[in-house]
Each structure stands twice: as structure tokens, then as C-alpha cells.
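Have a look at the structure below before the remarks.
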Amino acid sequence: MNIQAWDEIHGKRNRENLRAFLESQKDSYAILQLKHTDETAQDYFMRYSWLENHGRQPEFDHYDVVYVGELAPETGLEDLFVKFNTDHPQDFTGHSLSVSDIVALKRAGVIICHYTDSIGFREITGFIPENYLRNAEMALEDDYGMIDGVLNNGRRQEPDSGSREIRGEGQSERRGQMRGEGHREGYGQSPGLEERSSVLEKLKNTQPSEHIPNPVKLSRKRGRNEI
């Protein structure tokens, strides 16, 4: 049987387990084991060094996600190895955790995959394809600006009070410009003596026939971004 035929028979459960693992917002783990196909037959129970000697590395498409569970803070790789060799969960249908199996751990949204070797585990990078991780992140992330490989690392930040104050100052300045006051350094401070004198001189020279427009009155409707 080839991989395509295997996926047609067993693919639904594999996809459901993979989705449950990637989209879980809790710390969790996944056990992946090689599919029973012609392409994977020689890889069963082989050490990682054997793959390296043959210029190969574990391939995601060769594996099924056979089990997904919640990961307790104190649980590590060795704990899972013991659990899946001596105390299988009742709904676990795979074989005892062995060489060539993959254990994926997700803590705080970060996924790290480990190859079960003849002694201990070997951390592997790039095992889960980027498109799987990106799709899961887009399904969970509150802010698409935070698509960064970490699943759901927070809601978008709301503007703080300082930002609102800056916007308020800008609006006040624009109102001043519309009144004909113009923008000047030190806006909001009392005018100096020279400035007051200049204004008085202009008023004295103003002809009675000249029309001085009334200042524009602005409503204080709240802007959309104001709170």
C-alpha cells in the first residue's frame, strides 16, 4: 500500500488528531507513528543516525498523528515514554512508543518535535510544514499582525491613554487653525507683550468698513477612536 491509499483509509482520523493538537489552546502533546506503507517500511524502528547516514530526515507525510493529549506542567519526554510503554491510555490504538516515533510538545503556543532515538530523544526542526502551522495560527490568532509562529500570543494592543492624549492635542491644534489662530510653538500659552502690542496696532489701523468674520464654531463630537 502506498501513502495515498493509506491516507484515503486512515486520513480522516489523522487530520482530526492533527487539527486538535495544532488548534488546542492548552499545553498538549501529540504522538506520531510511521504509516504502514511501502515507502516507510524500511524506516520503522531505525535510529536517527541511520537516517543521517542515508542523507535523509523524518518526513511529516510519512507519519500519522495517533494520539493527542493534554500536557501537564511537570510532564516531560521520559514521562510520556513510560506512559506509552507501561500504561497506555484506553483510547490509544498505536504501538508502544518506540524508536522512529515522533513526540511533539506544545507549551505556551510553541511546538517542538522530538525523534525517539535508541537512547533518549533527538530534537528536530522544520518537521511540521509551515503551511500547517500558519493555518492553525490564523485560525486562533486574535491579531493577524502577530502571525509569527507562536499560536495565539495575545489580542491586539488597545491604544493607551498616552496615545489618546496625543490625538486630542492634534485635534485641538486643528481646531485652532480653523479659527485662524495658526500653529505656533508653545501653543496654549498666553501671548507675550510684543505679540499683544502687535495685535493692538492692527486693530487701531483696521477700517470700520472692513468685515471681520466670526470665528468658526466647532462641535465637540467624539471621534471614532476616542473613548
Side-chain angles (χ1 to χ4, degrees), residues 1-7 9-11 13-137 148-151 153:
M1 179 183 295
N2 60 28
I3 289 179
Q4 182 177 356
W6 176 272
D7 286 342
I9 299 173
H10 303 279
R13 184 183 64 179
N14 177 53
R15 289 190 297 271
E16 289 175 349
N17 286 344
L18 176 62
R19 181 174 180 178
F21 173 66
L22 293 178
E23 296 188 1
S24 173
Q25 299 193 41
K26 298 180 178 180
D27 289 352
S28 53
Y29 67 89
I31 305 297
L32 295 88
Q33 296 181 336
L34 285 165
K35 301 173 179 179
H36 297 280
T37 67
D38 297 336
E39 293 94 327
T40 63
Q42 62 178 346
D43 297 341
Y44 260 87
F45 312 122
M46 301 305 293
R47 298 188 301 272
Y48 194 87
S49 59
W50 183 88
L51 293 176
E52 289 182 317
N53 291 338
H54 288 78
R56 299 176 53 200
Q57 58 185 359
E59 297 183 43
F60 181 77
D61 290 339
H62 288 182
Y63 283 81
D64 274 338
V65 183
V66 298
Y67 196 82
V68 174
E70 187 172 339
L71 184 64
E74 68 278 2
T75 300
L77 292 169
E78 293 298 336
D79 300 309
L80 292 174
F81 185 83
V82 172
K83 180 181 182 68
F84 284 90
N85 273 277
T86 63
D87 187 21
H88 295 166
Q90 292 184 352
D91 55 344
F92 176 62
T93 58
H95 58 252
S96 295
L97 192 60
S98 305
V99 175
S100 75
D101 294 346
I102 304 290
V103 180
L105 303 181
K106 179 168 67 174
R107 296 188 190 274
V110 178
I111 298 174
I112 301 178
C113 298
H114 308 264
Y115 188 91
T116 308
D117 216 341
S118 55
I119 300 177
F121 295 83
R122 175 76 172 265
E123 182 177 324
I124 53 177
T125 59
F127 175 71
I128 300 178
E130 183 65 28
N131 60 314
Y132 285 93
L133 295 173
R134 188 174 184 83
N135 289 341
E137 188 173 2
D148 54 5
V150 180
L151 300 183
N153 49 0

In this structure, CD of Glu123 is separated from NE2 of His114 (nearest 0.5 Å) by 5.5 Å
Could you list all the salt bridge (Lys or Arg N to Asp or Glu O under 4.0 Å) pairs where at least one residue sits in residues 71-89, not counting sequence neighbours?
none
For residues 47-55, which side-chain N or O atoms pair as donor and acceptor with protein atoms under 3.5 Å away, sequence neighbours left out?
from: Glu52; atom 1: OE2; to: Arg122; atom 2: NH2; distance (Å): 2.9
from: Asn53; atom 1: ND2; to: Ser49; atom 2: O; distance (Å): 3.2
from: His54; atom 1: ND1; to: Trp50; atom 2: O; distance (Å): 2.8

Within the structure provided, determine whether Leu80 and Leu105 are in side-chain contact (heavy-atom separation under 4.5 Å).
yes
Work out which heavy atom in Val66 is nearest to a heavy atom in Phe92; give both atom names and the distance.
CG2-CE1, 3.9 Å
Would you check if Ile102 and Thr116 make a side-chain contact, meaning some heavy-atom pair closer than 4.5 Å?
no
Which heavy-atom pair separates Tyr67 from Asn17 by the least distance, and what is that distance?
N-ND2, 4.3 Å
Salt-bridge present (Arg134, Glu130; N to O < 4.0 Å):
no
Once rounded to the nearest 0.5 Å, what's the spacing between atom CD of Gln42 and atom CG of Leu34?
10.5 Å
Which residues share a ring pair (Phe, Tyr, Trp, His ring centres under 6.0 Å) with Phe60, sequence neighbours left out
Phe127, Tyr132
Starting at NE2 of His62, measure out to OG1 of Thr37 and round the result to the nearest 0.5 Å.
6.5 Å
Please identify each residue that fulfils side-chain hydrogen bond (donor to acceptor under 3.5 Å, both in side chains) with Thr93, with sequence neighbours left out.
Arg13
Tell me the closest heavy-atom pair linking Asp27 and Arg107, and the distance in Å.
OD1-CA, 3.4 Å
Under the side-chain hydrogen bond (donor to acceptor under 3.5 Å, both in side chains) rule, collect the residues that match up with Asp43, sequence neighbours excluded.
Arg56
Ile128 and Cys113, any side-chain heavy atoms less than 4.5 Å apart
yes
Given side chains that start at C-beta, do those of Lys106 and Phe21 come closer than 4.5 Å, heavy atoms only?
yes
Specify whether His36 and Tyr44 have parallel, tilted or perpendicular ring planes, treating 30° as the upper limit for parallel and 60° as the lower limit for perpendicular.
parallel
Rounded at 0.5 Å granularity, tell me how far CG in Leu18 sits from CG in Leu32.
8.0 Å
With no hydrogens and no angle check, is any side-chain donor or acceptor of Thr75 less than 3.5 Å from a backbone partner on Leu71?
no
Any side-chain heavy atom of Ile111 sitting closer than 4.5 Å to one from Leu22?
yes
Rounded to the nearest 0.5 Å, how far apart are OG of Ser28 and CD of Glu23?
11.5 Å
Give the table of side-chain donor-acceptor pairs shorter than 3.5 Å for residues 94-101, with sequence neighbours excluded, one pair per line with atom names and distance.
from: His95; atom 1: NE2; to: Gln33; atom 2: NE2; distance (Å): 3.3
from: His95; atom 1: NE2; to: Asp101; atom 2: OD1; distance (Å): 3.3
from: His95; atom 1: NE2; to: Asp101; atom 2: OD2; distance (Å): 3.3
from: Ser96; atom 1: OG; to: His88; atom 2: NE2; distance (Å): 3.1
from: Ser98; atom 1: OG; to: Ser96; atom 2: O; distance (Å): 2.7
from: Ser100; atom 1: OG; to: Phe45; atom 2: N; distance (Å): 3.1
from: Asp101; atom 1: OD2; to: Gln33; atom 2: NE2; distance (Å): 3.2
from: Asp101; atom 1: OD2; to: Ser98; atom 2: N; distance (Å): 2.8

